[in-house]
Amino acid sequence: MRDSYHEQLDDILAELERMTRTVSTAVRRSTAALLEADIRKAEEVIAADIQLDAAGEGVEEKVFELMARQSPVANELRMLVAALRMVADLERMGDLAAHVSKIARMRYPAPAIPDELHDVIEAMGSVAGKMVDAAGDVIASRDVEAAARLEATDDEMDKLRSNQFRLMMDDAWPHGVEVAVDMALLSRYYERISDHAVAMARRVVYLVTGELPVAVGGTAAGSGAGASAPNPNGND
């Protein structure tokens, strides 16, 4: 019975890892939809978000069933609690990738991205995708040091966002308010994806060590990058 129980725990972590790969694909496809004005890719990402939510609900059901039947304690309980929080992170990242695709769809057939911001948006999408992949790797390996390294990648996203705003705030900005709003939203979406990836890594640290890692600014995993924050679209 205990062997079966631990196999079920391992299955939950494996499903979380698979969900990160789904999210990573969504982030990359939504970025391509933006840069290429590809309505097909945009629609694929939006449709796939429903499947991701269903996968998350499946993980939650397994967690609640194990809690009810096995009365987990210590490390097992930490794992199940962390799994529930990571499901929420993954579902939110999927939503954010869908929001990116919705901007591409809204501006189609015109490109959503001005030429001078093409490179920075491409870089944001690449960094966000890599961070989601890294979060999946951390889940698979439970590598605390790899989890800590995600913080440095998050700094890279912050720098890209600053560069984007520098271009948008230039007096020579020729694209008007509507495009500026789109760009501000997009940078927020990519930033939040990276924040959730960091939050997932911190939850793995909690799972392995039993301690809540302290984020920059002195906040713990439950109140830092993984905590809910205001979002221009009303959904982070």
Side-chain angles (χ1 to χ4, degrees), residues 12-13 15-31 33-34 42 44-64 80-105 121 124-139 147 150-151 153-154 157-158 160-161 184-207 212-213 215 219-236:
I12 288 171
L13 289 178
E15 181 59 29
L16 289 171
E17 183 189 355
R18 284 192 289 271
M19 287 178 68
T20 65
R21 308 312 177 195
T22 300
V23 170
S24 174
T25 297
V27 171
R28 288 180 166 87
R29 285 183 178 171
S30 61
T31 303
L34 274 177
E44 286 176 352
V45 173
I46 295 166
D49 187 43
I50 298 173
Q51 299 173 0
L52 182 69
D53 289 343
E57 290 173 2
V59 172
E60 289 175 345
E61 289 175 3
K62 291 177 182 177
V63 169
F64 291 136
L80 293 173
V81 171
L84 288 175
R85 298 296 298 273
M86 285 191 277
V87 166
D89 287 319
L90 286 160
E91 289 178 342
R92 288 170 182 168
M93 285 191 281
D95 291 341
L96 291 161
H99 293 335
V100 171
S101 285
K102 287 175 182 177
I103 289 180
R105 182 175 67 180
I121 292 296
M124 282 184 173
S126 176
V127 170
K130 289 177 182 176
M131 291 186 71
V132 177
D133 280 336
D137 292 342
V138 167
I139 292 171
L150 263 179
E151 295 278 0
T153 312
D154 192 38
M157 178 65 78
D158 292 338
L160 287 169
R161 196 175 188 217
L185 286 172
L186 287 169
S187 69
R188 175 61 170 167
Y189 297 154
Y190 285 122
E191 179 191 43
R192 289 302 292 153
I193 289 169
S194 67
D195 286 345
H196 284 297
V198 170
M200 290 180 65
R202 290 180 183 153
R203 301 194 204 292
V204 173
V205 174
Y206 169 67
L207 168 62
L212 293 172
T219 55
S223 58
S228 295
N231 177 285
N233 204 60
N235 183 350
D236 69 338

Just so I know, are the side chains of Ile103 and Tyr189 near enough to count as touching, which here means a heavy-atom distance under 4.5 Å? yes

Do Met131 and Ile193 touch side chain to side chain, with heavy atoms closer than 4.5 Å? no

Side-chain touch Met86/Val204, heavy atoms, less than 4.5 angstrom: yes

What heavy-atom pair brings Val100 and Thr31 nearest, and what distance separates the two atoms? CG1-N, 4.5 Å

Flag side-chain contact, heavy atom, 4.5 Å: Met124 against Leu186: no

Distance in Å, His99 NE2 paired with Arg188 CZ, rounded so as to fall on 0.5 Å steps: 11.0 Å

Side-chain contact, heavy-atom cut-off 4.5 Å: Thr22 with Leu90? no

Give, for atom CZ of Arg192 and atom CE of Met93, the distance between the pair rounded to the nearest 0.5 Å. 10.5 Å

What pair of heavy atoms forms the shortest contact from Ser101 to Ile46, and how long is it? CB-CG1, 3.9 Å

Is there side-chain contact between Val127 and Tyr190, with at least one heavy-atom pair below 4.5 Å? no

Taking every non-hydrogen atom, the tightest pair across Val45 and Ala26: CG2-O, 3.8 Å

Under 3.5 Å, is there a donor-acceptor pair between the Arg28 and Ser24 side chains? yes

Measure the shortest side-chain to side-chain distance between Val59 and Met19 over non-hydrogen atoms and say whether it is less than 4.5 angstrom. yes

Rounded to the nearest 0.5 Å, what's the gap from CZ on Arg105 to CG on Leu34? Could you check? 12.5 Å

Smallest separation among heavy atoms of Val138 and Ala147, with atom names: CG2-N, 3.8 Å

Rounded to the nearest 0.5 Å, what separates atom CZ in Arg161 from atom CD in Glu191? 4.0 Å

So, taking the atom named CD1 in Ile139 and the one named CD1 in Ile12, what distance separates them when rounded to the nearest 0.5 Å? 12.5 Å

Non-hydrogen side-chain atoms of Asp49 and Leu52 separated by less than 4.5 Å: yes

Quick one: does Arg21's side chain have a donor or acceptor within less than 3.5 Å of a partner on Asp133's backbone? yes

Using every non-hydrogen atom in the two residues, find where Leu150 and Ala134 come nearest and quote the distance to one decimal. CD2-CB, 3.7 Å

With rounding to the nearest 0.5 angstrom, report the CG to CD distance, Leu96 to Glu91. 12.0 Å

Identify the two heavy atoms, one from Ala42 and one from Ala104, that lie closest to each other, and give their separation to 0.1 Å. CB-CB, 4.4 Å

